Amino acid sequence: MSSHSDLLAAQIQAAISHAIERGDLIGTVPSSIPLERPKNRDHGDYASSIALQLAKPAGKNPHEVAELLKKVLEKLAEVASVDIAGPGFINIKLNRASQADLVRTILSAKESYGKGTALAGVKINLEFISANPTGPLHLGHTRWAAVGDALGRVLSAAGADVVREFYINDRGNQMDLFGQSVQAAALGQPIPEDGYQGEYIADLAKEILAENPEITKLDVEPRLIAFREAAYKLQLKDQQRVLDTFNTHFDVWFSERSLHDGGKVEHGLDKLRAQGHVFELDGATWLRTTDFGDDKDRVLVKANGDLTYFSSDTAYYINKRERGFDICIYMLGADHHGYIHRLKATAACAGDDPEYNVHVLIGQLVKIMEGGEEVKLSKRAGTIITLEELVEKVGVDAARYTLIRYPVDTPMVMDLDILKRNTNENPVYYVQYAHARIAAVLRNAAELNIASGLDNFDPAQLSHDRENELLGSLAEFPRIVASAAELREPHRIARYLEELAGVYHGFYADCRVLPMGDEPATALHSARLNLCAATLQVLKNGLLLLGVNALERM
RNA sequence: GCGCCUGUAGCUCAGUCGGAUAGAGCACUCGCCUUCUAAGCGAGUUGUCGCUGGUUCGAUUCCAGCCAGGCGCACCA
C-alpha cells in the first residue's frame, strides 16, 4: 500500500496532465509534486504549493489553478476536504478513518515499516574510523563510531547492500615508532622523543612481557619487530573489543599491509597508468590529479623508490571498486578535508564518475564540556578522552544518541553533565521514555484482557485531534528514513524520533487508552491500544536504526 | 594566498527540492498526578536568521561579494 502523500502526489500529477490535455493549462507536468505536512495544523494534513509554481508559465492566477486541482482531489475517498488559502496553497484534510488505516499497515509490516527500496541493488562500501592501531580510540573516532554505524543501518534500510569497513593503517613509520615506544617501556628505557606516550604503552609492554618473557633475548632487529607485531595485535584487539561494547560492528577489517603484500598497489598503479594520468618528474612517479580539480598533483612513488601513503589510498580505492562496490563512502575527520579533492580526482583518474562513485563525509570536531568548562584535549597533557572513558561516564545509549543527533558537518559540544541527567534535557531519555511508557500501557492492557490486535481494530474510532496528529507523525517515518539514506544524514532519524515521542506524550495526556476502574472496555480502547502498539513499533524501528536500546522499562 | 566547514532566541542546536505567523530543549513565570510510567503534559516570554547586494509572486534557504570563527594546504603517516 502506498502512502497518502504518494497517492495525493500521483493524483495531482494526473490532474495537471488532464488539464494540459484539455487546454485548461499551459506548461509541462512537474516530475515531482511539492507536498508537505504543514507545521500549522489549521492548514490541513497535507499542503501543496504546486499551484503557485504552475501559475506563471500558464499565465493564470494561482487561485484558478488551485481550483482546477481542488475539484479532482475532492472526489477522492481518502480526502475529507480541500481548501485554497493564502496566495494559492492547496490544503488537504484527509478522511480520518482512512488515515487511521495506517495502524494496520504498521502492525502488519512490523520491523519492516520504514524500510524502502530507493537504494536496492546498490553495493555500498562504508569506511569509517580507520584509526591507526597504535593507541586507543578517542573522541574523534567515537563520533564516527556512532554516526558511521547508524548510517550503515540507515542505508541498509533503504535497500542498499552495505559493507562496513575499517581500514587498518598498519604500515609505515608510525607503526615502527609504536613498536619502539612499547619496546622502550618494556626494557625500562626512555620512550623516544616523538614516540607514543601514555599509560597504555606501559600496559602493552607488561602484557607482552607476560605473554612472551623470551622476547627480550632476541637480537635487536627481530626484537623490535616482535614488539611491534605483538603490540599491534593487542591494540587492534582492544579497539575491536571497545567498538563491540559500543554496539558498532564491522564486516571487514582491511589491512593496509595486505594491499602491499598482495601486489595490489602495483596493480592499482598499472590501472592508473593505463588510464593515462601517471607521469614521471624529478625521479618520482606522480598522478595528475589536477586534471580533475585537485590543486596539485600527487606523488605515488617517491624519488627514493618508496611508496607514498597516497599510493595506498589510490590502490585501496581501486580495490574497493574491483570488489564490486558502486559507491564508496569515506567518513573523515575535519583535519582530512583536504582529501576530498584528491579522492575524487583519484576516482576520475581511474575512469570513474567521482560524483557518483565517491562520497566523502567530513566530521567536525567534538568539544567536551564538564563542570561548565571546556575540557581541553591534549595528547601531551594526557587529557585525551577515549571512547571507553566516554562510555564509562555517560553510557552507550546516551553517547551514541548524542553523537548521532547532530549533522556531522557542524562542530558539536557534548556536555557530559547533561548526558548524565535523566531528564528532558537529555533527548535520549525523552525518546526511550516514550517507548517504555507505551510498553507499560501494553503490559497493563494484557493484564486487563483488553481486546487488541488488528481483528479488534476499527479505524473509525480514532477521531481525536491528538490521534490524528500521532497518525500523521507515524506516516512520515518511511519518508524520513528515505531522506536520511539519500542525504547520508542519520541525525534526521533522531530528530524525528524526538518529535514522535513528543506527539505521543501529548496524545497520552489527552487520550485515555485503558478503561478507568470498572468501566467496560470498548472499541475505542482497542483502537487506541493498536495505535499505541503502532507507535511503539515505529519508535523501536527508529531506535534500532541508531543502535540505541528501546527499553521496555525505565 | 588557496581550499573545506560554520555563523538562526540568553545557552545548546534543528530547519534537503525557495513557501503561509522561523522551530525544539534548556533557562524564566504559571497551571496539571484520588486510576495507563510526572524521566510527562499544557500556557506565557524570548529573534536585524553574520552583513550587503542579486535572482522572483515570495529568500533563513539559491547566487555573488564582504565580515567573524574553526580546520587544512608534505616526495609525513
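In what follows, every chain begins at residue 1, and chains take the letters A, B, ... in the order their sequences are listed. No experiment lies behind these values; they were computed from the predicted model shown.
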I want to check one thing: is the phosphate of B:rC4, taken as OP1 and OP2, less than 4.0 Å away from some side-chain N or O of A:R342? no
Would you say a side-chain N or O of A:Y339 is under 4.0 Å from OP1 or OP2 of B:rA74? no
For B:rC66 and B:rA59, measure between their P atoms and round to the nearest Å. 24 Å
Rounded C1' spacing from B:rG7 to B:rC49 in Å: 10 Å
So A:A334, base contact, sugar-phosphate only, or nothing? Heavy-atom distance under 4.0 Å. sugar-phosphate
Near RNA chain B, under 4.0 Å by heavy atom, which residues of residues 282-290 of chain A? A:D282, A:A284, A:W286
May I ask you to verify if any side-chain N or O of A:K302 is less than 4.0 angstrom from the OP1 or OP2 atom of B:rA77? yes
Give me the distance, rounded to whole Å, that separates B:rG54 from B:rG18 when you measure between the C1' atoms they each carry. 15 Å
Would you indicate what A:Y508 reaches in the nucleic acid, counting non-hydrogen atoms under 4.0 angstrom: base, sugar-phosphate, or nothing? base
Complementary nucleotide of B:rA38, counting Watson-Crick and G-U pairs under 3.5 Å: none
Distance check: side-chain N/O of A:Y433 vs OP1/OP2 of B:rA38, anything under 4.0 Å? yes
Can you give one letter per nucleotide of nucleotides 14-20 of chain B, going 5' to 3': B for a protein heavy atom under 4.0 Å from the base, S for sugar-phosphate only, - for none? SSBB-BB
Partner nucleotide of B:rC28 by Watson-Crick or wobble geometry (both distances under 3.5 Å): B:rG44
Using the C1' atom as the reference point in each nucleotide, state the distance between B:rG58 and B:rC62 in Å, no decimals. 13 Å
Polar side chain donor-acceptor pair, A:H341 to A:D294, under 3.5 angstrom: no
In Watson-Crick or G-U wobble terms, with both distances under 3.5 Å, the base opposite B:rA20 is none
What is the nucleic acid contact for A:G172, judged by heavy atoms within less than 4.0 Å: base, sugar-phosphate only, or nothing? sugar-phosphate
Flag the pair A:D45 and A:K93 as a salt bridge only when some basic side-chain nitrogen lies within less than 4.0 angstrom of an acidic carboxylate oxygen. no
List the atom of A:T308, the atom of A:K302, and the distance in Å for their closest heavy-atom pair. CG2-CG, 3.8 Å
